[in-house]
Amino acid sequence: MKRILLDTDGGRGVVSPRVLLFGVMKKRISPAKAFGGVLLVPGDKSISHRYAILASLAEGSSEIFNFSAAADCTSTLACLRGLGVKIEEKAGSVVIEGKGLGGWKAPRKALDAENSGTTMRLLVGALAGQGFSSELTGDKSLRRRPMRRVIEPLRKMGAEIRARDDEFAPLEIQGAKLHGIEYAPKVASAQLKSAVLLAGLFADGETVIHEPVRTRDHTEIALRELGATVELVAVRNGDRNGNAIRLQGRPKLVGRPLGVPGDLSAAVFFLGAALAVPGTELTIQSVGLNPTRTAILDLLVSMGAAISVIAVATRNGELVGDINVRHAPLRGGKVSGAMVARVIDELPMLAALGPYTEEGIEIRDAQELRVKESDRIAAMAENLRLMGAHVEEFPDGLRVAGRSAGRLHGATIDPHDDHRIAMAFSIAALGAERETVIRDAECVGISFPGFYDLLAGLVKLGA
Ligand code: S3P
């Protein structure tokens, strides 16, 4: 088997600023024959954001190993530098000099989260409790994404935040004295939960969150690693059955070495590659297997995928292991209800696998996809149709017909500047007839700068 590894720096800096600015890169993907290999994917994006933010609020320095090279995480580092945090980027790690909960300085200009929803939504929570005012802005896509879901609970905690149309960035935050709340969000969002928890660090008393559906719990785990008291408590009263997350305000966070597992949401594209190309077998090493993220593995297995997880260990409270995938025909099926939040970032890849399945893929109750980096439902439907798939679009999802509707063919894909759309169609292209062209392909750098290099190490990309 071929052994393909990313550089030890996880591909940091592979995408030049010029390419990022002007969007000039086209990638040609040829149909692939069976391939195999052992690979590493970049550090988890969600965890990297949290480690950087929390380390900056801890006392003492933290070296974060395998920190994600994603442009989104670089945006978080840039915002933290704007708040006076000293950060050293080394090959393979990032060292954050924490100054304690009261250590951030008033920024001299607006903090730019660029394309990163996680950066903006998490930072607004922490900024709400500071003794200074600040402004958070972002690129065109981020300035269109909903922010009231975070502003609302923060206001209940005493925050003073102004937004365009009371919904969109730029956000003006007047630091205020915060108090803990008990809150039951309507939207299942880990970013929302994390914003409230980060504000809760600066609040008097306890902050309690009742999630409608359990979302990724990396913030809770990282907080515990650094010394905060965060509990998951069973709640049984009236309509509040389930779990609540309880955080004690004003903890002392202490910096420490932290290791970021590989990003399962990046690994999923390579699982998709094995499922789209008969005869393929891949092993992806050291991937984060936090149970709030692994629903995609269960789902693919329930559809017939040959996936096994090996050598599982715990690092900094997070499960990590190797994933082996062998090509097997997929039955297809439906994703809806509570499942959606648990596979939200994997839905582009799943939809793009629809034409490779027996029964097709249907995704419903997923209106959140319309307010991601792009309107992912529209982008999926448009590009799948360009490749010859039969697609029905709904306000809350789509239905993609299976194999009997015919084989996909190459097309020119517009990813709408959305990394996960570009990667999903690069993979769909591997099993299609003729060559596919991915326009503005550099957008993959938002989460996975080394994506095409890694793919090119496994299959021959087009000229
Ligand atoms: C993320 C949470 C999810 C996910 C996003 C990353 C996080 O967003 O889609 O890519 O790191 O907390 P929502 O919280 O909006 O569901």
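Small disclaimer: the values here were computed from a predicted structure and weren't measured. In each ligand, atom 1 is the first atom listed, and ligand 1 is the first ligand listed.
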[X] neighbourhood, listing ligand 1 atoms whose heavy-atom distance to it stays under 4.0 Å:
X	value
Ala190	12 (O), 14 (O)
Thr118	6 (C), 7 (C), 11 (O)
Ile344	9 (O)

**Study point:** Proximity of His218 to ligand 1 by residue part, where a heavy atom lies under 4.0 Å
**Key:**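 Neither; no heavy atom under 4.0 Å.
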
Practice item. Examine the proximity of ligand 1 to His49 and report which part, side chain or backbone, both or neither, has a heavy atom under 4.0 Å away. Key: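 It is neither; nothing of His49 touches ligand 1.
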
Which heavy atom of the protein is the closest neighbour of [atom], given with residue, atom name and distance?
atom	result
atom 12 (O) of ligand 1	Arg50 NH2, 2.5 Å
atom 16 (O) of ligand 1	Lys372 NZ, 3.6 Å
atom 14 (O) of ligand 1	Ser189 OG, 2.6 Å
atom 10 (O) of ligand 1	Asp345 OD2, 2.8 Å
atom 11 (O) of ligand 1	Ser46 OG, 2.7 Å
atom 1 (C) of ligand 1	Gln191 NE2, 3.5 Å

Review point. Phe202 ring centre to Arg250 NZ or CZ under 6.0 Å, with the angle to the axis within 45°?
Key: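 Judged by the rule, Arg250 and Phe202 form no cation-pi pair.
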
Point to revise | Basic-acidic side-chain contact under 4.0 Å: Asp418, Arg376 | key: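 Salt bridge: yes.
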
**Study point:** Parallel, tilted or perpendicular: rings of Phe269 and Phe451 (30°, 60°)
**Key:**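 Plane angle over 60°, so perpendicular.
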
**Study point:** Inter- and intrachain pairs under salt bridge (charged side-chain N to carboxylate O under 4.0 Å, His left out), touching residues 64-86, at least two apart
**Key:**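 For residues 64-86, and leaving out neighbouring residues, the salt bridge (charged side-chain N to carboxylate O under 4.0 Å, His left out) pairs sorted by first residue read Lys45-Asp72, Arg81-Glu89.
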
Check your understanding: Can Arg121 be said to touch ligand 1, with heavy atoms closer than 4.0 Å?
Key ->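 Under 4.0 Å: yes for Arg121.
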
**Study point:** More than 12 heavy atoms of other groups within 6.0 Å of Arg148 CZ
**Key:**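 Above 12, so yes.
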
Review point. To the nearest 0.5 Å, what is the distance between CD (Glu382) and CD (Glu393)?
Key: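 So the CD of Glu382 and the CD of Glu393 are separated by 9.5 Å.
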
Review point. Between the side chains of Ser133 and Glu172, is a donor N or O closer than 3.5 angstrom to an acceptor N or O?
Key: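 Per modelled atom types, Ser133 and Glu172 side chains form no pair under 3.5 Å.
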
Review point. Below 6.0 angstrom between ring centroids: does that apply to Phe65 and Tyr51?
Key: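 Ring-ring flag for Phe65/Tyr51: false, centres at least 6.0 Å apart.
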
